[in-house]
Amino acid sequence: MNLPAFSVCVYCGSRNGILPDYANVARQVGTWIGQHNGQLVYGGGNNGLMGIVAQATADAGGLVVGIIPKALQTIENTRTACTELHVVDTMHERKHMMAERADVFLALPGGIGTFEEFFEVWTWRQLGYHDKPIGLLNTRGYYDGLLQFVNNSVSQGFLNDWQMDLILSGTEPASLLQELVQAAGFAPEPQLAGL
């Protein structure tokens with residue numbers, strides 16, 4: 001098995017959402033990771049956007065590392081077809097292992113779990129616990145309200161501009177992934193089209 005060129009931790013919904021664009025973007029993210037010899041690190045579920053990004057990564061030849069707590073195996077429909085599947089005892093173990101295995105973090109549309117994971121790695125970054133790039137994929141304006149809210153926190157004096165500069169946001173999966181991976185000091189391998 002070839003070593004991956006880089007590792008992307010993806011946070012995303014265990015549901016599909018109402019717009020087909022969300023599933024399409026999850027598929028594009030997974031495909032890009034796989035086509036550039038990358039590795040997906042994610043929550044180990046087979047439902048919603050989680051399952052789509054994992055399947056797309058595998059279909060494009062990438063490695064898939066799933067990390068799921070025992071208590072969520074049934075709820076999140078564990079993806080047993082992962083390259084590596086780690087079943088852990090707690091959410092804290094899951095998040096710690098995901099962060100350890102990642103070179104970059106990327107949040108796709110999702111719910112409260114996605115928000116919590118995104119804010120946690122952003123908090124860890126501003127505290128100096130890691131220096132890995134963090135991205136927010138703002139599909140169809142899904143995160144417009146969140147970005148407006150955190151920018152309001154800056155104007156109200158609770159956040160600084162440098163903290164906002166720790167996250168990269170964009171609407172195009174390929175360009176945002178390229179920017180994140182390069183910011184982490186890696187060069188994505190060229191797409192091996194037609195092989």
Side-chain angles (χ1 to χ4, degrees), residues 1-17 20 22-118 120-121 124 130 132-137 139 173-174 176-178 180-181 184 186 188-189 191-192 195:
M1 185 183 303
N2 291 338
L3 289 175
F6 56 87
S7 185
V8 180
C9 177
V10 172
Y11 303 126
C12 61
S14 59
R15 301 179 187 183
N16 286 353
Y22 300 141
N24 291 338
V25 160
R27 202 169 289 110
Q28 289 174 44
V29 166
T31 300
W32 190 93
I33 292 169
Q35 287 179 338
H36 294 87
N37 191 31
Q39 173 175 270
L40 169 69
V41 176
Y42 87 119
N46 216 17
N47 295 340
L49 301 188
M50 293 175 74
I52 292 169
V53 74
Q55 188 63 52
T57 302
D59 288 347
L63 303 178
V64 176
V65 178
I67 305 165
I68 192 163
K70 290 176 186 172
L72 295 182
Q73 285 187 282
T74 302
I75 296 168
E76 292 187 351
N77 187 18
T78 305
R79 179 183 170 83
T80 56
C82 293
T83 313
E84 291 179 40
L85 177 63
H86 301 273
V87 179
V88 296
D89 290 325
T90 67
M91 284 292 286
H92 292 293
E93 286 179 82
R94 176 200 229 180
K95 293 188 295 181
H96 178 75
M97 185 179 282
M98 288 170 78
E100 288 281 309
R101 297 292 300 268
D103 297 315
V104 303
F105 302 96
L106 178 63
L108 276 58
I112 194 166
T114 302
F115 307 153
E116 190 267 342
E117 290 167 321
F118 168 74
E120 184 171 63
V121 294
W124 290 350
H130 72 83
K132 300 173 183 181
I134 303 166
L136 192 64
L137 191 54
T139 304
L176 183 56
L177 281 159
Q178 182 86 21
L180 289 167
V181 169
F186 297 92
E189 294 186 7
Q191 181 175 332
L192 303 175
L195 294 182

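All residue numbers in this chain count up from 1 along the given sequence.
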What are the two closest heavy atoms between [X] and [Y], and how far apart are they?
X: Q73; Y: I68; answer: CA-CD1, 4.0 Å
X: P133; Y: A184; answer: CG-N, 3.6 Å
X: I52; Y: N16; answer: CD1-OD1, 3.7 Å
X: A71; Y: I75; answer: O-CD1, 3.9 Å
X: V87; Y: K70; answer: CG1-CG, 3.5 Å

Report task. Under the side-chain contact (heavy atoms from CB on, under 4.5 Å) rule, what do V29 and L176 come out as? Steps first, then yes or no, please. Result -> CA-CA 10 Å; V29 166; L176 183 56; over 6 Å; no
Query raised in the report: Do D103 and K132 meet the salt-bridge criterion of a basic N to acidic O distance under 4.0 Å?
Result: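 No, K132 and D103 are not salt-bridged.
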Any chance you could measure [X], atom [atom1], to [Y], atom [atom2], to the nearest 0.5 Å?
X: L63; Y: I33; atom1: CG; atom2: CD1; result: 11.0 Å
X: Y42; Y: I67; atom1: OH; atom2: CD1; result: 10.5 Å
X: C82; Y: N46; atom1: SG; atom2: CG; result: 8.0 Å
X: L49; Y: R27; atom1: CG; atom2: CZ; result: 9.5 Å
X: H86; Y: M97; atom1: NE2; atom2: CE; result: 5.5 Å
X: L108; Y: M50; atom1: CG; atom2: CE; result: 11.5 Å

**Report entry** Residues in side-chain contact (heavy atoms from CB on, under 4.5 Å) contact with T139, at least two apart in sequence or another chain
**Finding:**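 So T139 forms a side-chain contact (heavy atoms from CB on, under 4.5 Å) with D21, Y22, V25, P109, L137.
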Requested in this report: List in chain and number order the residues that pass side-chain contact (heavy atoms from CB on, under 4.5 Å) with Q55, two or more places apart in sequence or in another chain; answer none if no residue qualifies.
Outcome: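 Q55: side-chain contact (heavy atoms from CB on, under 4.5 Å) contacts with D59, R79.
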Only pairs under 3.5 Å count here: list side-chain donor-acceptor contacts from residues 4-15, not counting sequence neighbours, and write none if there are none.
residue: S7; atom: OG; partner: Q39; partner atom: NE2; Å: 3.2
residue: S7; atom: OG; partner: R101; partner atom: O; Å: 2.8

Query raised in the report: Are any non-hydrogen side-chain atoms of N24 and Q28 less than 4.5 angstrom apart?
Result: yes
Query raised in the report: Does the pair M98 and F105 meet the rule for a side-chain contact (heavy atoms from CB on, under 4.5 Å), with working shown?
Result: CA-CA 9 Å; M98 288 170 78; F105 302 96; 6.0 Å; no
Query raised in the report: In chain order, what residues pass the salt bridge (charged side-chain N to carboxylate O under 4.0 Å, His left out) check against E100, with sequence neighbours excluded?
Result: none
Requested in this report: Mind checking salt bridge (charged side-chain N to carboxylate O under 4.0 Å, His left out) for E93 and listing every partner two or more places apart, or none if nothing turns up?
Outcome: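 For E93 there are no salt bridge (charged side-chain N to carboxylate O under 4.0 Å, His left out) partners, ignoring immediate neighbours.
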Report task. Answer with yes or no after comparing the ring centroid distance for H36 and F186 against a 6.0 Å cut-off, counting only values under it. Result ->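 Centroid separation for H36 and F186: 6.0 Å or greater.
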Requested in this report: Would you please name every residue forming a ring pair (Phe, Tyr, Trp, His ring centres under 6.0 Å) with H96, sequence neighbours left out?
Outcome: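 Checked H96 against ring pair (Phe, Tyr, Trp, His ring centres under 6.0 Å); zero matches.
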Query raised in the report: Between the side chain of H130 and the main-chain N/O of W124, is any donor-acceptor distance below 3.5 Å?
Result: no
